[in-house]
Amino acid sequence: MAFRKDKAPVDSELSGEQAIFNKETEGLSQGQIVFRRFVRHKAAMTSVFVLASLITMVFTALETKIGPWTIPGWWKHGFEELLDLRTEGCPPGIVGCPTIDAVPSFIDGTGMGLGMHPFGQDDIGHDYFAMVMRGAQRSLYVAFVIGTLAGTIGITVGAISGYFRGWIDSVLMRFTDFIITIPSIIIGSVVGYHFGNLGVGFLAFYLGLFAWTGLSRLVRGEFLKLRELEFVDAARVAGASNRRIIFKHILPNAVGVIIVSITLLMSGAILLETALSFLGFGVVAPDVSLGSLISQFQDSFTTRPWLFWWPGLLIITIALCINFIGDGLRDAFDPRQRRRLTKKDKENAKVQARNAAANV
Amino acid sequence: MKLNRLATAAIAVAATAGLAVGLLSPANAAPKTTVSIVQSNALTGINPGVSSQNLTFNVDVAYLSGMGFTYYNNKASLVDNTAFGTYKVVSQKPYKVQYTVNKGRVWSDGTPINGIDLLLSHVTASDAYSAIAGLGDPADADVTPSFDSGGYGGLYEQFVVGLPILSADKMSVTIEYSAKVPDWRLLSPGPNAVHAMVLMALEGKTKLGTAAENMAAKERFYKVFQSYDTAALKKIGALWSKAYNINKIDSSTNPLLLVGNGPFMIKSAVPNGAVTMVRNPKYNSGPKVKALNTVVFKVIGDGTAASQALKNGEIDVYAGQPTADAVAQLKAMAPAVKIIGGDQAVYEHLDIRVGPAYGTQAPYNGPFAGMSQKAKDLRTAFLLSYPRAEIIEKIIKPINPTSQLMNSLMSFNAEPNYKELIAKSGVSKYTEGTQASRTAAALALVKKHYPDAAAGSGSVKIKLLFGQPSNTRRVSQSQLAKAEWAKAGFDVDVTPTSGWSSYLEDPKYDVAFFAWVKSAILQSGNVGTYETQANYQGYSNATIDKLYKELGASPLTAAQITAKYLQVDQELIKDAVTLPVFQHPSANGVTAKLMGVAPSPLSPNLIWNLWDWYFKN
Amino acid sequence: MFAYISRRLGVLFVILFGSSFILYNLAAISGDILESLRLSREPNAQQQIIALTRDLNLDVPPPLRYFLWLRGILGVFIGSPDFGLTRTQQPVINEILLALPATVRLVTAATIIAIVLGITIGIVTALRQYSRFDYAMTFVSFLLFSLPIFWVAVLLKEYLAIQFNNFLGDPTIPLPWLIGLSVASGIFWAAVISGTRARVFQIFGGVFALNFAFLSFLSATKWFANPSIGPIGIALLSVGVAYGVTQLSTGITNKAALKSSLAMAAIAVALYYPVQWLFAQDAKAIIYPLMVITLFVVAGVVPLKFTKIDRGPIIRTSMISAFLMGLLLVINELMQTWQPYMETDAVYFRPIPTVGQVNALLEPGNFWMSLLDALVHMFLPTLALLLISFAGYVRFSRGTLLEVLNQDYMRTARAKGLTERTVIMRHAFRNTMIPLTTIMVVDFVSIIGGAIITERIFGWIGMGTLFNQAINTYDLNLLMGVFLLTGFLAVAANLVADLLYTALDPRIRAGSGGK
């Protein structure tokens, strides 16, 4: 592949861009700058919107019990409710086909609508929409728990051992090695065997306790690198405490890497749960997760594809959104990162420059 | 260069044309003689008699490479293999059976088969012989006997007396039994290539012997057997227990290990992978092989992968316990693929706990405990509201459309006495009317003891044991049932349990549904399952115990057996302790051109008549 | 440094001891080993339970049983380690030695291609940050990253094996596919090269037309039924390789490098028929290594004719070119084996398999046939693994390169007046490789133990299969055997990654020896 010279940024152009950015960020705090940058990242903002709507939809669809209170869901069926199997309107030999109709009435005359069972039904009559909603709840929950738990442990261990080095580093890193050697599938099967009844939260918790190793090594690497840089020395000379150096000087510089890793971790967690379900060690029936649905109905691929595609589609959507948000955050946090200037930006800059010149 | 290009182009065109012709006229080709069959587990050894090797696939391979006096057909009845030999009762008192090998039968190395070849099976099935010969006590929990056989402690050991006697012409063996054995036909000794074992174990041979060596080795085994020659037997035992446990077979494998008398012999085996068997050219110990020359077993653990492999033509037969979707997928492959369905000798049933399991200490105090009227009523109500028909309809029929509700615990639906049994056993109260009316009756029964019971009241709390979380079929069954039980006032906990089988005796669970696996058809049938010491439910019924003894004591006529089965069925229904549901369905996807496939419900299920298979053009 | 490594290795054994103890006990309590016997109605089920207990020492509680196992392993110090037997009486060590090569074969190919492809795309997306191509690749790589592998596998098998084999029955490409494929590649290249709108359309049109013509030609000649590159193709591709490698390695302006690469191309074409003759000879064990040695010797000597100064980079260029051209000749030979392979009874015109490592029915002995057989069996699983793992490399290399591009030394390099090629290939690319190297090491090892699902779906017998089998049958000896290897590799890989990191990046101080 040829690298075309004219596309590469050149210095003269840079200074111009830099001026625009400097102008834009005048008087703003770090947080505000990050936020502005993030908001401008189209893919990330779309993802935030999609994910937020998805989460809202998924978590309000079904009846939720919090302690003594029961919040009714907007969807008419529960995921454990057994209903009559629908056969009318289905192809011969197929039961519980989906009723969702996305074709407007002026084409096929039936009109758009969700119908009785938009995503169809499983073999014994459960409403599949309710099951997918429940599954998405569980999968998001697993992703969140694993992401948070593994993120916290990974960053803490990595930061401490990278910053302090010496025997602390040795001990922590050997402990990390120790955790790395224990396969998560064993954890899954043992937890499933002995504590299967405690539900998905327990499984997620345990997986989270074992999923932080990659992150901690990464964070440690960043810290090892950053702590040798001049600005850290400067801060130390100026008398900053370890705490301050870690949180105020090093962490913000490492945050891009960390965020990308955590988002990868979270979408990885959804896939890990899917894989465990495929091997029979994941979420325990009658509860469902997207992973358990997709592995339960993997044979349906050619016969009742909707049982396979809907949870699959949701897994992909969630994972995509999380990754894109991570991407946006990374770009936003990277202090050296520049966004591409639009024509409008350049016009504005020119106008401002002209105005400034005129004012002189 | 230009010339080259022209030449290449010309060659390419010619080749393409040739290929096109070849592709367009496959009808000229002779029918295939190679069949590829899917296997979910790998070969671990070629002697399934070893206790750790008694695995389905090992048994299949051994079945194809060795023929004995009998085999099961697809009607689950025992067929006499008259091509190999005959057996008959020669004396009633004492009870003696003579087994005779036909003259001229040979092993794959050409050695004639005679009575001496039948003797090793005594060594590997008689605890007494093992003990007398100083080979170790098979029941000892610490020391493995020289022959690490899985055959000890069975029916044969229970009845056999003394040593088998070889006839003067050495073609027959006579075995004496302590009583008339009800299932005497099952006890026929299987032939073993003892000459090969002697050559390997006692003479250290690694190549096939000459005819003279083989016969001498055979005689040597007879001497060793007769004289309880501990040292020699230990060597043979070590070989028998260890040397055959191989999963890698190729041209370097000692050919003596592969000597057999079956229609096929192993040519190669890739560890944990494919096993290739080729026709045994000297085979004359059983039905003639119609067409096949080569059989390949391919190991594919994943069901979806196997059905896609079938679709891609990599395998000719897909066998297994597929899901409804997998069956639908196979159907969609028609007409290239046909589905041959059937029932397995495995049946699902619902057992209710009555007390602590035999020999356990922890008490059972659940609602179903004991024989009080209340407990019986609640059990009856529980069984009445168990939606068996709905389970068959929704879960089983999509896999095998001919599946039916099972109503006798003693006989499968296809057996001749089934109709008589269900007409008189009293099971009709669980089949009459609709499920709604039965559930209403159940609710009435519960109300007798819990006046405030109503649909959804959850008056009686029940814990159900039924299987792994990954067993989606059982999970579906449990959820269907839970909904119906709720209508009769039961609140049933249907959480699946990993390692569920270890809780079968645990009084924490009130009810269990699972399946019994039948490996042979015995006169005592399933009665033993409900005998006091054998069942996990803590159920004890003197009548059943007595009937079990009678069924195991001496051979009975079909009518006598049916009468006893009926009594057992009646007792079980009366006490409301268990109900059968269905026979496990099987569905095999078979390439349309492959003919003769007729799966048997018993091991070796699919391949029992491999000799009859052929490809049509 | 030596002390540091030996200390780490010492700790490694302590770690393995601890985690193996924990794992052993966890696995021992993770299921019911007697399940099938409890459900058996055989008259001697009780006897079978006794035999199993005897075989596996089930009467010894797991924590103590662990030490029985450990005693065998510790035999390693007296030269005879005993990894025990599986439940079916096979030596564990044999099972592992048979499974390991399969996994390594699968994982190596997938990882190498994923790395090359991932880094290439990562670099291009970074250089074209926020372009349409960048967005498209970001989307595609995240999409692939989000796919469960058994899903990918089902789709790949349906379309690339079953349908493709059907297609081979009559290898003419239908018109809609011709158009579709050409449009797709047109869009792809237009997005990669990009530029002004007019230029994008030009590129799209050009690529579309070329593709359409090329595919039509392949379709009309039924090339897929009997593929080959042919001397013409070899000539064209070799010249292309010569230019491409020179451009990336030394820059096209380096005439000596270009000349020596072109010379290699000429040699490749001249040797087309002799090499084919050599490939058909029998004494492969001698001839093939000799051919490889000759290849590199010639590639090392020829450039000397063209230049007297700065020989290093030029020899490197010519060696890379020669290697790639040799690969072309090998591919050509494989293609020519394609038709005879399809015609064997074992394959019978359905060459792309969905399961298995080799075709059990194929007669062994023909080197090229066996190689082709192994390759077609690797095709789908490698592709599946590749698809889901390459996304990670795209993201990482893109992110790292972006960071590097913003460094001051990049600006310095440009200010010095270096060409863009030198800046990117020498300054940016090399610095990008530092963090990537360490990730690769760890990744590679983690896949060895982690290809469980891939192996299962594609019917491969590798470490993942053994692991899964061990868990499902509660086969502790087997499980521990697999664990010892994968655990050791995992920890060792981290050690290697640490060492590499310190070696490549002088800013990191070696080891953890304190301040």
Side-chain angles (χ1 to χ4, degrees), chain B residues 1 4-5 8 12-13 15-16 19-20 22-23 34 44-45 50-53 55 138-139 141-142 144 148 150-155 242 245 247 268 270-274 276 296 298-302 304-305 308-309 311-314 498-502 504 514-519 528-529, chain C residues 30-32 34-35 38-44 46-48 50-55 59 87-90 94-95 98-99 150 153-154 157-158 161-162 165 169-170 221-223 225-226 228 230-232 339 343 345 348-350 352-358 360-361 456-459 461 465:
Chain B
M1 201 64 104
N4 268 343
R5 187 171 159 188
T8 328
V13 169
T16 341
L19 179 64
L23 280 174
T34 300
T44 70
V50 178
S51 63
S52 62
Q53 303 291 323
L55 304 171
D142 293 321
T144 310
D148 184 7
Y152 292 122
L155 273 184
K242 299 257 187 288
N245 306 344
N247 61 1
S268 70
V270 181
N272 298 319
T276 311
V296 182
K298 292 188 178 170
V299 178
I300 306 175
D302 186 67
T304 313
Q308 282 191 307
K311 195 174 181 187
N312 197 27
E314 287 165 75
S498 303
W500 62 281
S501 53
S502 55
L504 280 168
F514 58 101
W516 288 125
V517 182
K518 263 189 165 180
S519 54
T529 308
Chain C
S30 69
D32 179 23
L34 297 174
E35 171 171 346
R38 285 187 215 274
L39 300 183
S40 162
R41 293 287 87 193
E42 294 203 22
N44 67 342
Q46 200 51 44
Q47 170 67 29
Q48 291 180 15
I50 291 177
L52 189 65
T53 311
R54 208 163 48 199
D55 279 0
D59 45 351
R87 273 189 67 176
T88 53
Q89 309 293 315
Q90 310 294 334
N94 288 1
E95 297 284 293
L98 287 164
F150 51 86
V154 168
K157 285 181 179 183
E158 178 67 29
I162 298 172
N165 283 335
D170 173 24
T221 53
K222 302 202 184 243
W223 184 84
N226 184 16
S228 78
I232 308 283
Q339 199 188 356
E343 284 170 354
D345 281 346
Y348 206 68
F349 300 108
R350 295 195 72 83
I352 310 288
T354 59
V355 283
Q357 285 158 254
V358 285
L361 286 168
R456 180 184 155 92
I457 298 173
F458 289 103
I461 315 297
T465 313

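Chain letters run A, B, ... following the sequence lines, proteins first and then strands; every chain starts at 1. Computed over heavy atoms, backbone and side chain alike; hydrogens, waters and symmetry mates excluded.
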Visitor: Evaluate Thr465(C) against Asn272(B) for side-chain contact (heavy atoms from CB on, under 4.5 Å), listing each step before the verdict.
Guide: CA-CA 10 Å; Thr465(C) 313; Asn272(B) 298 319; over 6 Å; no
Visitor: Output yes when a side-chain donor or acceptor of Gln53(B) lies under 3.5 Å from a complementary backbone atom of Thr88(C), and no otherwise.
Guide: yes
Visitor: For Ile352(C), is it the side chain, the backbone, both or neither that has a heavy atom under 4.5 Å from a heavy atom of chain B?
Guide: backbone
Visitor: I'd like to verify something: which residue of Gly151(B), Pro138(B), Gly153(B) has the highest number of heavy-atom pairs under 4.5 Å with chain C?
Guide: Pro138(B)
Visitor: Would you check if the side chain of Gln90(C) reaches a backbone N or O of Asn245(B) as a donor-acceptor pair within less than 3.5 Å?
Guide: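 Answer holds: yes.
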Visitor: Are any of the side-chain heavy atoms of Val296(B) and Leu361(C) separated by less than 4.5 Å?
Guide: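 Side chain of Val296(B) against side chain of Leu361(C), heavy atoms only: contact under 4.5 Å found.
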Visitor: Rounded to the nearest 0.5 Å, how far apart are CD1 of Ile50(C) and CG of Asp142(B)?
Guide: 10.5 Å
Visitor: Taking all heavy atoms of Arg350(C) and all of Lys311(B), pick out the closest pair and write down the distance.
Guide: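 Residues Arg350(C) and Lys311(B), closest heavy atoms: NH2-O, 4.3 Å.
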Visitor: Between Asp59(C) and chain B, which part of the residue has a heavy atom less than 4.5 Å away: side chain, backbone, both or neither?
Guide: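 Side chain only.
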Visitor: For chain C, find which of Val270(B), Leu504(B), Leu155(B), Thr529(B) contributes the most heavy-atom pairs closer than 4.5 angstrom.
Guide: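 Highest number of heavy-atom pairs under 4.5 Å: Thr529(B).
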Visitor: Which bit of Ile461(C) comes within less than 4.5 Å of chain B, counting heavy atoms only: side chain, backbone, both or neither?
Guide: side chain
Visitor: Quick check: does any side chain N or O of Glu314(B) sit under 3.5 Å from a backbone N or O of Thr354(C), one acting as donor and the other as acceptor?
Guide: yes
Visitor: Tell me the closest heavy-atom pair linking Gly301(B) and Arg456(C), and the distance in Å.
Guide: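 Closest approach of Gly301(B) to Arg456(C): O-NH2, 3.8 Å.
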Visitor: Using non-hydrogen atoms and a 4.5 Å limit, figure out which bit of Gln308(B) sits close to chain C: side chain, backbone, both or neither.
Guide: both
Visitor: Please classify the contact of Ser268(B) with chain C as side chain, backbone, both or neither, using a heavy-atom distance under 4.5 Å.
Guide: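 Interface part for Ser268(B): neither.
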Visitor: Between Val355(C) and Lys298(B), is any pair of side-chain heavy atoms under 4.5 Å apart?
Guide: no
Visitor: Where on Glu95(C) is there a heavy atom nearer than 4.5 Å to chain B: the side chain, the backbone, both, or neither?
Guide: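 Looking at Glu95(C), just its side chain touches chain B.
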Visitor: Tell me, out of Val517(B), Asn312(B), Thr144(B), who's got the most heavy-atom pairs with chain C below 4.5 Å.
Guide: Asn312(B)
Visitor: Considering only heavy atoms, which portion of Arg87(C) lies under 4.5 Å from any heavy atom of chain B: side chain, backbone, both, or neither?
Guide: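 Looking at Arg87(C), just its backbone touches chain B.
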Visitor: Taking all heavy atoms of Ser51(B) and all of Asp55(C), pick out the closest pair and write down the distance.
Guide: OG-OD2, 4.0 Å
Visitor: Where do Gly150(B) and Gln48(C) come nearest, in terms of heavy atoms and distance?
Guide: O-NE2, 4.0 Å
Visitor: Taking side chain as everything from C-beta outward and backbone as N, CA, C, O, which of these in Thr276(B) sits under 4.5 Å from a heavy atom of chain C? Side chain, backbone, both or neither.
Guide: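 Side chain only.
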